[in-house]
Amino acid sequence: MASTLAARQAVNLLRLSTPRSSSQAASLVQRRGLAGAADHHGPAKVDFWKDPMSPSRWKEEHFVIVSLSGWGLLIYGGYKMFSGGKKDEKLVQAIN
């Protein structure tokens, strides 16, 4: 009885310590294939120069570029307007 119990424990120990076969491990790997590439949701996105009056149809990266450029121009224009610019001393003297 003790010998059968020891044999069973040894078999169970061997089962747990042996690595799984590669076919079992390969079956656990997720394969997506082309599942997400062909399924479009919503209207197709276009370049901003093809349809400049509807930003909702622009590609995301084009929307970001145009938005950041617009904010940059607005900030730079405000800075130039409120700072008054730099007046050249030589030009003022030449006029007098």
Side-chain angles (χ1 to χ4, degrees):
M1 183 133 151
S3 63
T4 56
L5 184 60
R8 285 184 188 165
Q9 287 178 348
V11 169
N12 285 337
L13 187 63
L14 285 175
R15 271 192 217 155
L16 294 176
S17 65
T18 57
R20 293 184 178 185
S21 67
S22 62
S23 64
Q24 285 179 341
S27 67
L28 297 176
V29 175
Q30 181 181 5
R31 292 185 180 95
R32 293 184 60 200
L34 300 174
D39 190 18
H40 295 288
H41 299 289
K45 300 294 183 180
V46 297
D47 300 326
F48 73 90
W49 56 84
K50 291 182 181 174
D51 193 6
M53 300 310 286
S54 58
S56 63
R57 293 190 59 214
W58 293 351
K59 292 180 180 177
E60 184 178 349
E61 55 271 15
H62 291 207
F63 184 80
V64 169
I65 290 170
V66 170
S67 299
L68 290 177
S69 299
W71 277 106
L73 285 172
L74 184 71
I75 291 169
Y76 181 73
Y79 165 75
K80 284 303 222 179
M81 186 173 77
F82 289 115
S83 69
K86 196 177 202 182
K87 295 185 180 175
D88 195 9
E89 297 275 336
K90 294 178 186 177
L91 184 61
V92 173
Q93 290 176 357
I95 294 174
N96 290 335

To the nearest 0.5 Å, atom CG of Asp47 lies from atom CH2 of Trp58 at 11.0 Å
For a quick test of your reading: what N or O donor-acceptor pairs under 3.5 Å do the side chains of residues 60-73 make, sequence neighbours left out?
from: His62; atom 1: ND1; to: Phe48; atom 2: N; distance (Å): 3.4
from: Ser67; atom 1: OG; to: Phe63; atom 2: O; distance (Å): 2.8
from: Ser69; atom 1: OG; to: Ile65; atom 2: O; distance (Å): 2.8

- Would you find a donor on one side and an acceptor on the other, under 3.5 Å apart, between the side chain of Lys80 and the backbone of Ile75? no
